[in-house]
There are 2 protein chains.
Amino acid sequence: MDINFSNQMPIYVQIMNLIKLDIVTKKLRGGDKLLSVREMSENLKVNPNTIQRAYQELEREGITYTQRGMGTFVNDDNDMIRRLKNEMASETINSFINGMKSLGFDGKEIINIITKRVKEEGI
Amino acid sequence: MDINFSNQMPIYVQIMNLIKLDIVTKKLRGGDKLLSVREMSENLKVNPNTIQRAYQELEREGITYTQRGMGTFVNDDNDMIRRLKNEMASETINSFINGMKSLGFDGKEIINIITKRVKEEGI
DNA sequence: TCTAGTGTACTAATAATATAGTACACTAGT
DNA sequence: ACTAGTGTACTATATTATTAGTACACTAGA
């Protein structure tokens, strides 16, 4: 695992997003254990404190829970996971629509661009 | 003009984006003068040094030029402006497509979501 | 009981961003 | 020549993110 972190967003936020993605795409499921703070720190070449911060925030957001001495685990709550996926999708879509509107594209143009792009990529 | 700056991106970068948007949407045209550092600083309630940093970077990117004692002006170069719009659009589109793919959506779903959304908003 | 692995809590140092304030150099217009 | 408005440069400070290092508390399993 080797990642280029953007300098325009705190690394711990970017790490939170990585983990959220793993959860909504079922790479991590309810009850699964996250990598330990130290393991994750080595994997991502990031200071353990930064990982700890990410894990703390994830817990504060109700996405994970921690057991001292045991580890940090994904909450086994399908509603939460569904909500999380919806939130992340909404955010992605909103920022896209707003961005394109700001750039002066109208609905037709946006749909055309996306349709063309989807065909090109074959997704 | 009153803006909520996000805390997850340097303010000078966000200001650069505001100005780039004005350029690609023709609110600012080639040869037009930007607000002076001091005016912009008052408008946005931001320290003059932050504006200066934004203007410096814009010049470094070839988007504006400055004349000491005169002001900062948009480069009168239609190719540059076209390129800028394409760049900004590409970035918006790429991050959207990548985001949705990461979230597990396929092409059909993406198109459906966008189509529905465009109809709802009537844009 | 011991040990390895876990989360957690500190203090400290560094770098980047943003703010604050001052001063200087250049230009246009009077 | 003078003045107002411009970009620019500089020092200093506060805040935040990140790194660095250390230590402690808890848990499971040998």
Side-chain angles (χ1 to χ4, degrees), chain A residues 1-20 22-23 28 30-76, chain B residues 1-20 22-23 28 30-76:
Chain A
M1 228 188 302
D2 230 42
I3 289 161
N4 267 347
F5 289 110
S6 147
N7 57 340
Q8 296 189 346
M9 196 184 301
I11 293 179
Y12 77 88
V13 174
Q14 299 180 56
I15 292 171
M16 288 173 69
N17 286 336
L18 286 179
I19 294 167
K20 286 177 180 178
D22 281 350
I23 293 174
L28 277 175
D32 280 359
K33 184 176 166 303
L34 270 55
L35 290 184
S36 81
V37 171
R38 292 167 180 82
E39 280 173 337
M40 188 68 93
S41 149
E42 284 181 12
N43 269 6
L44 300 181
K45 320 283 188 203
V46 162
N47 191 281
N49 295 331
T50 306
I51 305 294
Q52 195 193 341
R53 174 78 182 274
Y55 281 16
Q56 268 180 348
E57 292 294 317
L58 283 173
E59 182 168 24
R60 206 183 48 75
E61 290 188 9
I63 293 167
T64 58
Y65 64 95
T66 58
Q67 284 188 314
R68 251 188 119 98
M70 296 287 292
T72 300
F73 303 86
V74 179
N75 256 324
D76 195 359
Chain B
M1 224 189 302
D2 229 41
I3 288 164
N4 268 345
F5 290 109
S6 148
N7 56 342
Q8 294 191 347
M9 199 184 300
I11 294 178
Y12 76 88
V13 173
Q14 298 180 57
I15 293 172
M16 290 173 68
N17 285 336
L18 287 179
I19 294 167
K20 287 178 180 178
D22 281 351
I23 293 174
L28 277 176
D32 280 0
K33 183 175 167 306
L34 270 57
L35 291 184
S36 81
V37 171
R38 291 165 180 83
E39 281 173 337
M40 188 68 92
S41 149
E42 282 182 13
N43 270 6
L44 299 181
K45 320 281 188 207
V46 161
N47 190 280
N49 296 330
T50 306
I51 305 295
Q52 194 192 343
R53 172 78 183 272
Y55 282 15
Q56 269 180 349
E57 293 292 317
L58 284 172
E59 183 168 25
R60 206 183 48 75
E61 291 188 8
I63 294 167
T64 58
Y65 64 96
T66 58
Q67 284 187 316
R68 250 187 118 100
M70 295 287 291
T72 300
F73 304 86
V74 179
N75 256 323
D76 195 359

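Throughout, a chain's letter reflects where its sequence line sits, starting with A, and its residues are numbered from 1. Scope of the values below: all heavy atoms of this structure, side chains included, with no hydrogens, waters or symmetry mates.
- Whole-Å rounding puts the I15(A) CD1 to dT19(D) C1' distance at 13 Å.
- For the pair M40(A) CE and dT8(C) P, the computed distance is 14 Å after rounding to whole Å.
- Of the residues near DNA chain D, G69(A) and V13(A), the one whose nearest nucleotide (by heavy atom distance) lies more toward the 5' end is V13(A).
- If you take CG of N47(A) and P of dC10(C), they are 17 Å apart, rounded to a whole angstrom.
- At dG5(D), none of the side-chain N or O atoms of R38(B) fall inside 4.0 Å of OP1 or OP2 (strictly under the cut-off).
- Map R68(A) and N49(A) each onto its nearest nucleotide of DNA chain C; the residue landing nearer the 5' end is R68(A).
- Whole-Å rounding puts the M9(B) CE to dA17(D) P distance at 15 Å.
- For E39(B), the side-chain atoms get nearest to dT6(D) when compared with the rest of dA20(D), dT18(D), dT6(D).
- Considering only side-chain atoms of Q52(A), the nucleotide from dA9(C), dT18(D), dA28(D) that sits closest is dA9(C).
- Side-chain contact between N17(A) and V13(A) is present, with at least one heavy-atom pair separated by less than 4.5 Å.
- Contact annotation: the side chain of I51(A) never approaches that of E39(A) to less than 4.5 Å [non-hydrogen atoms, C-beta and beyond].
- Here the side chains of N75(A) and I63(A) are not in contact, with every heavy-atom distance at 4.5 Å or above.
- Set against dT6(C), dT8(C), dT18(D), the side chain of S36(A) has dT6(C) as its closest nucleotide.
- Note: CD1 (I51(B)) to P (dT8(D)) measures 13 Å, nearest angstrom.
- Contact between the side-chain N/O atoms of T50(A) and the OP1/OP2 oxygens of dA17(D) is not found at any separation under 4.0 Å.
- The side-chain heavy atoms of M16(B) and Y12(B), taken from C-beta on, include a pair separated by under 4.5 Å.
- Considering only side-chain atoms of Y55(B), the nucleotide from dG7(C), dA18(C), dG7(D) that sits closest is dG7(D).
- Atom-to-atom, CZ of R53(B) to P of dG7(D) comes out at 17 Å; the value is rounded to the nearest Å.
- Atom CD in Q67(B) sits roughly 19 Å away from atom P in dG5(D) (whole-Å rounding).
- Looking at R53(A) and E57(A), a side-chain N of the basic residue comes within less than 4.0 Å of a carboxylate O on the acidic one, giving a salt bridge.
- For T66(A) and dT8(C), the shortest distance from a side-chain N or O to OP1 or OP2 is below 4.0 Å.
- Atom NZ in K45(B) sits roughly 13 Å away from atom P in dT19(C) (whole-Å rounding).
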